[in-house]
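Reviewing the structure listed below.
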Amino acid sequence: MTYWLMKSEPGEFSIDDLQNAPGGETFWDGVRNYQARNFMRDDMKVGDGVLYYHSNCPETGVVGIATVCREAYPDHTAFDPEDKHYDPKSDPDNPRWCMVDIRFERKFERVILLRELRQHADGPLRDMLLLRRGNRLSITPVTSEEWNFILSLE
DNA sequence: GCCAACGTTGGC
DNA sequence: GCCAACGTTGGC
């Protein structure tokens, strides 16, 4: 089993939105970055743990956890000209983009702020991809050590 | 709103 | 294959 960190803008889809979704599940559409796609397509398995991260908001940080509940399948929003994430270069017969489903697991008692994670950038989180300068990847792998440490901060 | 960092596109 | 221009991400 692998662990992941997935970013979402709470104005688009927050952890509360996930909790309130039918069955607490949603499909993770709109990924249009090859590295992030490859993580989903090649490495994400049902049961993997997900740190749910809020980006681009007043309190950026990890807000809770989810689990992967369906492995990669085509992202249909790429075929829809009306969709914000429409990509005319994604051929329905050979889809360029994919998505996974995730299920709400738990919302943390408090937000574990990015600022707080950075305080451990010389220690337990020294290799965390999220903390790398200029990192913009919306999906990054997390080690079990990082996962356990972040959960211990709560 | 600003801007640094990054990814993608396309001319050559 | 190089690289400038452009668009996007995301912290602040």
Qualifying salt bridge (Lys or Arg N to Asp or Glu O under 4.0 Å) pairs with a residue from residues 141-154 of chain A, counting only residues at least two apart or across chains:
A:R106-A:E154
Keeping to residues at least two apart or across chains, list the salt bridge (Lys or Arg N to Asp or Glu O under 4.0 Å) pairs with something in residues 21-31 of chain A.
A:E25-A:R103
Partner set under side chain to side chain donor-acceptor pair (under 3.5 Å) for A:T77, not counting sequence neighbours
A:R32, A:D75
Other than [X], which residues form its hydrophobic cluster under the rule that side-chain heavy atoms must be closer than 4.5 Å?
| X | answer |
| --- | --- |
| A:L131 | A:M1, A:Y3, A:L5, A:L51, A:Y53, A:V62, A:I65, A:F108, A:I112, A:L114, A:L117, A:L125, A:M128, A:L130, A:V142, A:W147, A:F149, A:I150, A:L151, A:L153 |
| A:V31 | A:W4, A:M6, A:F13, A:I15, A:L18, A:W28, A:F39, A:M40, A:M44, A:V50, A:Y52, A:V63, A:V68, A:V100, A:I102, A:F104, A:V111, A:L113, A:L137, A:I139 |
| A:Y34 | A:W97 |

Drop me the distance from A:C98's SG to A:E71's CD, to the nearest 0.5 angstrom.
11.0 Å
If I take atom CZ from residue A:R118 and atom CZ from residue A:R115, how far apart are they, to the nearest 0.5 angstrom?
11.0 Å
Over all strands shown, is A:R32 touching base, sugar-phosphate only, or nothing at heavy-atom distances under 4.0 angstrom?
nothing
Applying side chain to side chain contact (heavy atoms under 4.5 Å, CB included) to A:F79 and not counting sequence neighbours gives A:H76, A:S90, A:P92, A:P95
How would you list, by chain and number, every residue that makes a side chain to side chain contact (heavy atoms under 4.5 Å, CB included) with A:K89, sequence neighbours excluded?
A:D87, A:R96
Would a distance-only check, ignoring hydrogens and angles, find a side-chain to backbone donor-acceptor pair under 3.5 Å from A:E9 to A:C57?
no
Do any of residues 36-43 of chain A sit with a heavy atom less than 4.0 Å from DNA chain C, and if so which?
none
Heavy atoms within less than 4.0 Å of DNA chain B: which residues of residues 81-96 of chain A have one? Give them sorted by number.
A:K89
Contact residues, residues 107-129 of chain A to DNA chain B [heavy atom, < 4.0 Å]
none
Mapping A:R136 and A:N56 onto DNA chain B by nearest heavy atom, which one lands closer to the 5' end?
A:N56
A:D122 atom CG, over 12 foreign heavy atoms within 6.0 Å
no
Show the nearest heavy-atom pair for residues A:M99 and A:P74, with the distance to one decimal.
CE-O, 3.7 Å
If you walk 5' to 3' along DNA chain B, what is the first nucleotide with an atom under 4.0 Å of a heavy atom in chain A, and what is the last?
B:dA5 to B:dT9
